Peer 1: 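Structure provided below as structure tokens; questions to follow.
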Amino acid sequence: MRPRPATLRLLVLASGLLFALCANAPHAPAQRRNTGAWDPSAPKSKPRPRPKPKPAPRPPAAPPKSRALAVQYRLLKVNDNDSQLEVSPVTVFHGGDRLRVAVKADDDVYVFVIHQKGPHQPGSIYFPDTRIGAQNHVSKGEQLVFPSNCAGNHSPSACSHLIDGRDGQEFFTLIFSRSESISLLEEANAAGGVVTPSALETYVGGLAQKFDASTRGDTVFARRFRNLNPRSADMVVVRLVLNKRG
């Protein structure tokens, strides 16, 4: 059944009137929530304090490097009148000659001496001699002469090293150390004061010394050595060879 024309007209008019009312009606404002992000009356939250980072631990301070030790020795020949004459270490000596050795260092050191009657002979602790109370501590720049304090007699001729009448060589191993403790000598004392040639060679080789002998000593014949190896800079070990002819 079709609607009547009058009814259609009424519907059209009602629809137009409703559209006009909606178009002219005022819009309701959008509602907003009062949050602390924009409401000035809301209390502001304080930021959480951040923990301060712990400072990185400082690396341990490096131990001070030891200054390379420099030493020198001189060879003195004692005459019959007790006068002393400095001679070259390469001098050939004869039976009956008497010798003394003078040593010095550029720092406070302890001096130890090992004597061998031949290159393959066992060594003995020649200095210091505890039987006579010899002191082996030497202050910087001080000269030490050995043998010394021999049985209370201080004359050079009576307190000197006597060369025997055999051809060949004698050896004095001079040990200069900033420490008064030498493992080689501690082992030797435990063995009755004997130092084997192999133990001496192993000990000296383990120091890996790097010598600078370019600087002259205090005298023409003085021999001066500086150990440039930082691993063994607190020590200098040198060998004094005496050439003999019967």
Side-chain angles (χ1 to χ4, degrees), residues 60-75 88-90 99-130 134-148 161 169-218 221-243:
K65 295 182 179 180
S66 298
R67 183 170 58 92
L69 183 62
V71 305
Q72 58 181 303
Y73 69 80
R74 301 186 300 127
L75 198 56
S88 170
V90 298
L99 303 175
R100 304 183 82 193
V101 182
V103 298
K104 182 187 290 189
D106 67 349
D107 203 350
D108 294 353
V109 294
Y110 293 88
V111 179
F112 306 87
V113 181
I114 299 173
H115 176 242
Q116 293 172 275
K117 292 183 178 180
H120 306 295
Q121 297 294 319
S124 60
I125 301 176
Y126 187 88
F127 183 82
D129 190 341
T130 57
Q135 300 296 320
N136 67 327
H137 181 266
V138 185
S139 300
K140 176 181 178 180
E142 177 186 356
Q143 177 175 270
L144 170 70
V145 180
F146 68 88
S148 60
H161 180 76
Q169 293 178 324
E170 289 186 38
F171 296 86
F172 285 100
T173 300
L174 313 179
I175 303 176
F176 302 81
S177 173
R178 289 189 173 105
S179 172
E180 61 179 332
S181 178
I182 305 295
S183 60
L184 174 69
L185 302 183
E186 291 177 351
E187 296 172 0
N189 285 326
V194 177
V195 182
T196 64
S198 60
L200 181 58
E201 182 179 356
T202 300
Y203 181 79
V204 176
L207 297 176
Q209 300 180 107
K210 184 179 179 182
F211 280 148
D212 174 16
S214 61
T215 306
R216 293 183 58 180
D218 293 346
F221 294 126
R223 295 292 185 265
R224 188 175 188 272
F225 302 89
R226 182 184 296 274
N227 182 14
L228 300 181
N229 186 349
R231 294 184 303 168
S232 57
D234 287 334
M235 296 188 66
V236 173
V237 180
V238 294
R239 174 169 284 188
L240 169 58
V241 181
L242 302 180
N243 298 297

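A quick note: this is a predicted structure, and the numbers were derived from the prediction, not measured.
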Peer 1: Rounded to the nearest 0.5 Å, what separation is found between the CG atom of Asp108 and the OG atom of Ser177?
Peer 2: 12.0 Å

Peer 1: Not counting sequence neighbours, list each pair that qualifies as a ring-ring contact (aromatic ring centres under 6.0 Å, His included) and has a residue in residues 182-205.
Peer 2: none

Peer 1: Of the non-hydrogen atoms in Leu228 and Ala68, which two are nearest, and what is the gap between them?
Peer 2: CD2-CB, 4.4 Å

Peer 1: Indicate the atoms forming the closest heavy-atom contact of Pro122 with Pro197, along with that distance.
Peer 2: CA-CD, 4.0 Å

Peer 1: Please walk me through it: do Val145 and Val101 pass side-chain contact (heavy atoms from CB on, under 4.5 Å)?
Peer 2: CA-CA 6 Å; Val145 180; Val101 182; over 6 Å; no

Peer 1: Using 0.5 Å steps for rounding, measure from the CG atom of Leu242 to the NE2 atom of His115.
Peer 2: 7.0 Å

Peer 1: Starting from the C-alpha separation in whole Å, work towards a yes-or-no answer on side-chain contact (heavy atoms from CB on, under 4.5 Å) for Thr173 and Leu200.
Peer 2: CA-CA 9 Å; Thr173 300; Leu200 181 58; 3.7 Å; yes

Peer 1: Nearest 0.5 Å, please: how far is CD1 in Ile125 from CD1 in Ile175?
Peer 2: 8.5 Å

Peer 1: Do Arg239 and Val204 come within less than 4.5 Å of each other through their side chains, counting heavy atoms only?
Peer 2: no

Peer 1: Kindly say whether Gln116 contributes a backbone atom to a donor-acceptor pair with the side chain of Gln121 at under 3.5 angstrom?
Peer 2: no

Peer 1: Counting C-beta onward and ignoring hydrogens, is there a side-chain heavy-atom pair between Pro89 and Tyr73 closer than 4.5 Å?
Peer 2: yes

Peer 1: Compare every heavy atom of Ala222 with every heavy atom of Gly217, then report the nearest pair and how far apart it is.
Peer 2: CA-CB, 4.0 Å

Peer 1: Under 4.5 Å between any side-chain heavy atoms of Phe127 and Leu144, yes or no?
Peer 2: yes

Peer 1: Less than 4.5 Å apart, any side-chain heavy atom of Leu207 and any of Val237?
Peer 2: yes

Peer 1: Will you find, in the side chains of Ser232 and Asn227, an N or O donor that is under 3.5 Å from an N or O acceptor?
Peer 2: yes

Peer 1: Is the shortest side-chain heavy-atom distance between Pro119 and Phe171 below 4.5 Å?
Peer 2: yes

Peer 1: Would you mind reporting whether Tyr126 and Phe146 have side-chain heavy atoms less than 4.5 Å apart?
Peer 2: yes

Peer 1: Nearest 0.5 Å please: distance from the CG atom of Asp234 over to the CZ atom of Arg67.
Peer 2: 10.5 Å

Peer 1: May I have the list of side-chain donor-acceptor pairs in residues 180-192 shorter than 3.5 Å, sequence neighbours left out?
Peer 2:
from: Ser181; atom 1: OG; to: Glu186; atom 2: OE2; distance (Å): 2.6
from: Asn189; atom 1: ND2; to: Leu185; atom 2: O; distance (Å): 3.2

Peer 1: Sub-3.5 Å donor-acceptor pair from the side chain of Asn229 to the main-chain atoms of Ala208, do we have one?
Peer 2: yes

Peer 1: Against Asp106, only a single residue in Arg178, Arg226, Lys140 fulfils salt bridge (charged side-chain N to carboxylate O under 4.0 Å, His left out); can you say which?
Peer 2: Arg226

Peer 1: Using a 4.5 Å cut-off on heavy atoms from C-beta on, say whether the side chain of Glu170 contacts that of Leu99.
Peer 2: no

Peer 1: For residues Phe112 and Pro128, report the shortest heavy-atom separation together with the two atoms involved.
Peer 2: CD2-CD, 3.9 Å

Peer 1: About how many Å separate NE2 of His161 and CZ of Phe172, when rounded to the nearest 0.5 Å?
Peer 2: 4.0 Å

Peer 1: Which value, rounded to the nearest 0.5 Å, describes the distance between Leu240 atom CG and Arg223 atom CZ?
Peer 2: 10.0 Å

Peer 1: What is the minimum heavy-atom distance between Leu69 and Val236, and which atoms define it?
Peer 2: O-CG2, 3.4 Å

